[in-house]
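Since the structure comes first, as structure tokens, the remarks are kept for the end.
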Amino acid sequence: KASDPAGSIQLTLEVEGMPDYPIRRQWTLNNRQAYPAETRQQRTTLETGASQNLPAQDLAHWTSASLRASISLGNYINLDTATQLSNLLHYPYGCLEQTLSSAYPWLYATPEQLQQLELPGVSDSQRQSALAKALEGISRRQRDNGGYSLWSANDGSEEHWLTAYAGSYLSDALDAGQSIDQTLLDKTLQRLQQYSRNQANVDERWSDNPELYRLTYQAFANFVLARHQQARLGDLRNMAKRLPDTLPALAMVHLALAAQLQGDQALASQLADKAQQRIDAGQLRPQQYLGDYGSPVRDLAWISYLAAHY
């Protein structure tokens, strides 16, 4: 029976009685608790002058050697950024979406940011290694036409929204001062131009509403293109004329920012007003699976980020 704390156990075997042939062998076994790690969170609102106690019996069943506790106080809702970022930095899976989503925090995981969030520091070499690994994973999934597939370049279907997502990540990495493969980015932008002009032979087979999904990834594609001054105002204006009321607010924001970056402020304001109306009415997106990996929480968080940066 292993004792606390959990960790490595050294096993040594020695055979005595044969002076000419001493035998000594050693092995290392990993020891862990019989039960998995458990996390408990408690949130409460304290009025002026109130107090909050943690009863001793609430800690009685925990293993003291491995117990960790933290407390945070604030006059705003705690989104637990530290835990969210820590989980993303060590996300274990690796399709295209997961590769991109787990690579994003490494762009901003500077020593200053990690210290502010009270996270264990990472060296610059660790950060650059993670970013290089992500870039290699993205490159492996790019098809000959510049679009991307979920697991490999040859796994069958092209992922339209994720192709725009890859273009967005590559653009953000470039803005963050990272070195990227310019050919990789150029092929991505060329494919996004084909999306925006309905020149790509696409099959939106996994969406409950293929037409709405197409408009969603076209808006995203135009936003990425506009960041490189490669979106056409004619395409943006034509698309704005045929937007249904059910288009997700995030897609409207993407198109509004594309118009802004390409110099049509009137169209940008018009689209931004429509997006704000959808947000105010609580109609962020339709109750359908579109294929854009979206949810009301994701969309609103992304819109907030874009509003802060543009």
Side-chain angles (χ1 to χ4, degrees), residues 88 91 93-108 130-131 133-143 145-153 155-176 178 180-181 184-196 200 202-207 210 212-228 230-231 247-258 261 284-285 289-306 309-310:
L88 276 174
Y91 200 61
Y93 305 112
C95 74
L96 178 60
E97 183 275 325
Q98 293 157 348
T99 298
L100 292 166
S101 295
S102 59
Y104 256 112
W106 286 104
L107 285 179
Y108 312 108
L131 290 171
K133 182 179 178 181
L135 191 61
E136 191 273 334
I138 296 168
S139 178
R140 260 198 341 265
R141 292 167 174 83
Q142 188 173 50
R143 301 160 69 89
N145 62 12
Y148 291 82
S149 295
L150 197 60
W151 293 102
S152 72
D155 71 355
S157 60
E158 181 174 348
E159 298 289 335
H160 320 98
W161 190 90
L162 288 181
T163 295
Y165 191 32
S168 180
Y169 172 80
L170 293 173
S171 302
D172 286 335
L174 198 61
D175 290 346
Q178 294 296 312
I180 66 170
D181 183 345
L184 183 71
L185 176 60
D186 290 343
K187 288 180 63 177
T188 304
L189 296 177
Q190 290 170 8
R191 189 57 172 168
L192 295 181
Q193 288 173 345
Q194 294 172 340
Y195 286 178
S196 69
V202 295
D203 177 18
E204 299 94 347
R205 59 177 179 168
W206 300 119
S207 178
L212 197 59
Y213 171 57
R214 187 178 304 117
L215 292 171
T216 298
Y217 70 72
Q218 285 178 328
F220 195 4
N222 275 304
F223 168 60
V224 176
L225 290 169
R227 294 180 61 179
H228 300 270
Q230 293 189 26
L247 187 73
L250 176 60
M252 291 185 183
V253 171
H254 277 149
L255 199 61
L257 290 175
L261 292 171
L284 280 164
R285 56 185 298 112
Y289 177 74
L290 294 183
D292 65 343
Y293 293 81
S295 69
V297 172
R298 193 285 305 266
D299 288 10
L300 190 57
W302 202 337
I303 289 171
S304 300
Y305 169 82
L306 293 173
H309 285 74
Y310 292 93

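Every value quoted in this text rests on a predicted model; they were computed, and no experiment measured them. Side chains included, hydrogens not; waters and symmetry mates left out as well; all remaining heavy atoms used.
In terms of the side chain to side chain donor-acceptor pair (under 3.5 Å) criterion, residue partners of R140 (sequence neighbours excluded) are, by chain and number, E136. In terms of the side chain to side chain donor-acceptor pair (under 3.5 Å) criterion, residue partners of S171 (sequence neighbours excluded) are, by chain and number, H228. For Q230, the side chain to side chain donor-acceptor pair (under 3.5 Å) test picks out Q193, with sequence neighbours left out. Every residue two or more places apart in sequence or in another chain was checked for a ring-ring contact (aromatic ring centres under 6.0 Å, His included) with Y289, and none qualifies. For D175, the salt bridge (Lys or Arg N to Asp or Glu O under 4.0 Å) partners are R227, not counting sequence neighbours. Looking at residues two or more places apart in sequence or on another chain, you find a ring-ring contact (aromatic ring centres under 6.0 Å, His included) between F220 and W161, H254, W302.
With hydrogens and angles disregarded, a donor-acceptor distance shorter than 3.5 Å links the side chain of Q218 to the backbone of Y195. Distance alone, capped at 3.5 Å, places no donor-acceptor pair between the S139 side chain and the L135 backbone. Under the 3.5 Å distance criterion, the side-chain polar atoms of R141 are matched with a main-chain donor or acceptor of L150. Using modelled atom types, one side-chain atom of T163 and one backbone atom of Y148 make a donor-acceptor pair closer than 3.5 Å.
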Let's go through E158 and R191 carefully: what are the C-alpha distance in whole Å and the side-chain angles of both, what is the deciding distance for salt bridge (charged side-chain N to carboxylate O under 4.0 Å, His left out) to 0.1 Å, and is it a yes or a no?
CA-CA 11 Å; E158 181 174 348; R191 189 57 172 168; 2.8 Å; yes

Evaluation steps, side chain to side chain contact (heavy atoms under 4.5 Å, CB included), between I303 and M252:
CA-CA 10 Å; I303 289 171; M252 291 185 183; over 6 Å; no

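The line from NE2 of H309 to CG of L257 is 12.0 Å long, rounded to the nearest 0.5 Å. Distance check, rounded to the nearest 0.5 Å: CG of L189 to CG of L170 gives 8.5 Å. For the atom pair CZ (R143) and OG (S152), the distance works out to 9.0 Å, reported to the nearest 0.5 Å. A distance of 10.5 Å separates CD in Q190 from CG in L225, rounded to the nearest 0.5 Å. Taking CG of L131 as the start and CD1 of I180 as the end, the distance is 12.0 Å to the nearest 0.5 Å. Rounded to the nearest 0.5 Å, atoms CD (Q178) and CH2 (W106) are 12.0 Å apart.
Counting heavy atoms from C-beta on, the side chains of L250 and L284 never come closer than 4.5 Å. Looking at V253 and Y310, their side chains never come closer than 4.5 Å, going by heavy atoms from C-beta outward.
In terms of heavy atoms, A251 sits closest to A219 at O-CB, 3.4 Å. Residue S196 comes nearest to N222 through the heavy atom pair CB-OD1, 3.4 Å, listed as atom of the first residue, atom of the second, then distance. Closest heavy-atom contact between T188 and L184: OG1-O, 2.8 Å. Shown here for S149 and S157, the closest heavy-atom pair between the two residues is OG-O, 3.0 Å. Taking all atoms of both residues into account, the shortest heavy-atom contact from L290 to P248 is CD1-CG, 3.7 Å. Between A164 and Y217 the shortest heavy-atom distance is CB-O, 4.5 Å.
Annotation for K187: atom NZ counts as buried by contact number, over 12 foreign heavy atoms lying within 6.0 Å.
Ring centers of Y169 and Y165: at least 6.0 Å apart, outside the cut-off.
Side chains of Q194 and N145: a donor-acceptor N/O pair is absent below 3.5 angstrom, by distance only.
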